[in-house]
Number of protein chains: 2
Amino acid sequence: MIKVIIIGAGNLAFHLLKTFEKNTEIEIIQTLNRSKKEHKSNIPFTTDYSKIKDADIYIIAVSDDAIPDVSQKLIHKKGLVVHTSGSVPMAVLSKNHNHGVFYPLQTFSKETEVDFSSVPIGVEAKNKTDLELLKNLGNAVSKNVQEISSKQRKSLHLSAVLVNNFTNHLYHLGKVMCKENKVSFELLKPLISETVKKLDTTSPFDAQTGPAKRGDKSTIKIHLNQIKDENLKKIYTTLSQSISNTYGEKL
Amino acid sequence: MIKVIIIGAGNLAFHLLKTFEKNTEIEIIQTLNRSKKEHKSNIPFTTDYSKIKDADIYIIAVSDDAIPDVSQKLIHKKGLVVHTSGSVPMAVLSKNHNHGVFYPLQTFSKETEVDFSSVPIGVEAKNKTDLELLKNLGNAVSKNVQEISSKQRKSLHLSAVLVNNFTNHLYHLGKVMCKENKVSFELLKPLISETVKKLDTTSPFDAQTGPAKRGDKSTIKIHLNQIKDENLKKIYTTLSQSISNTYGEKL
């Protein structure tokens with residue numbers, strides 16, 4: 001059994017707790033967070049760092065800004081201290097004797113169930129024993145555990161912003177436009193699914209379609225006239241320009 | 001049997017042909033295109049508009065720019081003349097006695113099979129009988145046929161550019177970044193799928209996460225330093241700004 005302590009009260013901490021709790025290879029011996037949000041479980045909980053127990057792994061699942069403070073409080077612990085952030089380098093934990101990173105590459109919200117077995121987990125550690133321990137922890141819950149360096153993780157995190165945060169915002173903008181024009185956003189869902197499905201058979205470079213790809217200036221002009229919101233106009237222009245640069249079409 | 005003629009040699013014409021061919025309620029009596037690309041089928045084919053037969057429906061599946069020319073050549077036909085474009089108003093066909101629109105809302109490429117039954121089809125016609133005919137044609141292949149006005153179709157098409165063309169380009173940019181940093185784009189696929197899956201249970205407004213949503217200036221700064229390409233920098237800034245405007249966070 002790998003003995004872990006989960007620190008944090010956010011979405012990731014919540015899902016780690018739920019997933020680890022039902023796992024037979026992992027024992028959560030304590031949870032800790034400052035906000036006094038007790039997880040609904042029978043696991044010992046504290047808000048007080050002086051009462052923190054001894055564990056194999058301390059998982060810091062807090063906001064990026066809070067990682068240095070939290071790790072400072074674990075400085076005398078012998079166990080492995082890891083953070084879970086995509087953009088924070090492992091070196092931030094360098095004062096902790098044993099340190100590493102346990103990075104689940106997924107978007108987490110409390111309302112949505114997550115099947116951890118399909119979540120890729122990037123692990124990194126200062127020494128081999130710790131790396132093995134993190135791999136074991138990862139393999140206990142996921143089918144896809146990989147060693148990822150801080151530099152690689154940083155790029156993955158930025159890519160994740162592009163393919164998750166930005167695309168989700170485009171879904172939002174599309175939905176707003178549908179609402180304004182009294183058409184159902186549901187009509188777009190098969191198109192959205194197909195766009196993703198194509199990634200399994202075609203590269204997104206080859207799958208690209210649309211006016212900017214074709215260099216179809218008249219449609220782009222119609223669209224820009226149609227858009228009232230200056231902000232959306234800017235998004236439309238910037239992305240169309242980027243597509244046209246990619247395919248060497250002049251707009 | 002609804003007798004149709006398909007005009008065009010592009011991706012949509014190809015998929016309409018493939019889908020209609022195996023449908024027992026539809027008979028393709030002829031195909032026509034100027035580029036002499038004969039479809040691989042036993043259906044009579046011509047490049048000559050003077051040899052075009054009489055059909056119930058003439059489906060113009062050509063580029064937007066070519067629609068006026070093609071429809072002009074069908075001006076003496078009594079059958080229903082429809083185009084398939086998202087952004088062209090029905091009125092472009094006003095010289096054709098019976099006219100309408102048959103708009104399948106999906107991305108088509110010759111390499112990828114399309115299950116037409118889940119493709120939403122927006123139909124529009126000048127008169128009721130034609131509208132019924134188009135609905136019958138649509139219902140023969142799809143479970144989701146709806147009457148959509150030219151104005152609504154225009155908004156749907158613009159929304160489709162946002163949720164398909166632009167998101168696909170973001171997948172491309174994410175993939176390029178992964179390649180440059182020697183990490184597998186495959187690692188992002190569960191995240192991409194989850195982003196889409198969430199649309200069934202949450203609004204994209206509520207599902208938004210990431211640094212711009214949180215107003216996390218330090219991560220945004222790190223990302224902008226990380227991006228070398230000016231074009232991508234502009235996309236990152238524009239979309240982050242739009243997210244922050246949406247949620248009232250100052251960046």
Side-chain angles (χ1 to χ4, degrees), chain A residues 64 87 105-107 109 111-112 118-120 152 154-156 158-175 177-178 181-183 187-196 198-199 201-202 204-205 207-210 219 222-223 226 231 234-235 238-239 242-243 245, chain B residues 64 87 105-107 109 111-112 118-120 152 154-156 158-175 177-178 181-183 187-196 198-199 201-202 204-205 207-210 219 222-223 226 231 234-235 238-239 242-243 245:
Chain A
D64 291 0
S87 51
L105 212 176
Q106 189 49 280
T107 171
S109 56
E111 301 75 35
T112 317
S118 63
V119 175
Q152 288 175 319
K154 213 175 147 186
S155 324
L156 266 179
L158 176 49
S159 299
V161 169
L162 303 183
V163 304
N164 162 250
N165 298 165
F166 289 172
T167 60
N168 183 72
H169 185 57
L170 288 166
Y171 299 153
H172 166 68
L173 296 173
K175 193 170 181 176
M177 184 166 301
C178 285
N181 293 280
K182 298 191 177 77
V183 281
L187 289 169
L188 291 166
K189 284 193 180 169
L191 177 66
I192 290 171
S193 300
E194 184 68 19
T195 312
V196 173
K198 273 193 181 173
L199 293 176
T201 51
T202 322
F205 179 87
Q208 190 65 49
T209 56
T219 300
I222 291 170
H223 283 166
Q226 214 174 321
N231 182 41
K234 205 172 163 190
I235 291 174
T238 307
L239 280 160
S242 175
I243 294 172
N245 291 347
Chain B
D64 291 0
S87 52
L105 212 176
Q106 189 48 279
T107 170
S109 56
E111 300 75 35
T112 316
S118 63
V119 175
Q152 287 176 318
K154 213 175 144 184
S155 322
L156 266 178
L158 177 49
S159 299
V161 168
L162 303 183
V163 304
N164 163 249
N165 297 165
F166 289 172
T167 59
N168 183 72
H169 185 58
L170 288 166
Y171 298 154
H172 166 68
L173 295 172
K175 194 171 181 175
M177 185 167 299
C178 284
N181 292 281
K182 298 191 178 79
V183 281
L187 289 169
L188 291 166
K189 284 193 179 169
L191 177 65
I192 290 172
S193 300
E194 183 69 19
T195 313
V196 173
K198 274 193 182 174
L199 293 175
T201 50
T202 323
F205 179 87
Q208 189 65 52
T209 56
T219 299
I222 290 171
H223 282 166
Q226 215 174 322
N231 181 42
K234 206 171 161 191
I235 291 174
T238 309
L239 280 161
S242 175
I243 294 171
N245 291 348

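Protein chains get the first letters and strands the later ones, always in sequence-line order, with residue 1 at the start of each. Values below: all heavy atoms of this structure, side chains included; hydrogens, waters and symmetry mates excluded.
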If you look at every heavy atom in B/L188 and A/S159, which pair is closest and at what distance? CD1-CB, 3.5 Å

Rounded distance [0.5 Å steps], CE in A/M177 versus CG in B/L158: 4.0 Å

Side chain, backbone, both or neither: which part of B/N181 has a non-hydrogen atom closer than 4.5 Å to chain A? both

If you take all heavy atoms of A/V196 and B/Y171, which pair is closest and at what distance? CG2-OH, 3.4 Å

Atom of A/P204, atom of B/K175 and distance for their closest heavy-atom approach: CD-CD, 3.8 Å

Within the 4.5 Å heavy-atom criterion, are A/H172 and B/Q208 side-chain neighbours or not? no

Considering only heavy atoms, which portion of B/V161 lies under 4.5 Å from any heavy atom of chain A: side chain, backbone, both, or neither? side chain

Between the OG1 atom in B/T167 and the NE2 atom in A/H169, the distance rounded to the nearest 0.5 Å is 13.5 Å

Is A/N168 in contact with chain B via its backbone, its side chain, both, or neither, using a 4.5 Å heavy-atom distance? both

Holding to salt bridge (charged side-chain N to carboxylate O under 4.0 Å, His left out), I want the full list of residues that pass it with A/K189, two or more places apart in sequence or in another chain. A/E186, B/D200

Apply side chain to side chain donor-acceptor pair (under 3.5 Å) to A/S109 and list each qualifying residue two or more places apart in sequence or on a separate chain. A/T112, B/K198

Which portion of B/D64 sits near chain A, non-hydrogen atoms under 4.5 angstrom: side chain

Any idea which heavy atoms bring B/N231 and A/S242 closest together, and the distance? ND2-OG, 2.9 Å

What is the minimum heavy-atom distance between B/P120 and A/L187, and which atoms define it? CG-O, 3.2 Å

Shortest non-hydrogen pair, B/C178 vs A/L156, comes out as SG-CD2, 4.2 Å

Okay, A/T107 and chain B: the region with an atom under 4.5 Å from a heavy atom over there is both

Are B/E194 and A/N164 close enough that some pair of their side-chain heavy atoms sits under 4.5 Å apart? no

Flag side-chain contact, heavy atom, 4.5 Å: A/L170 against B/L170: yes

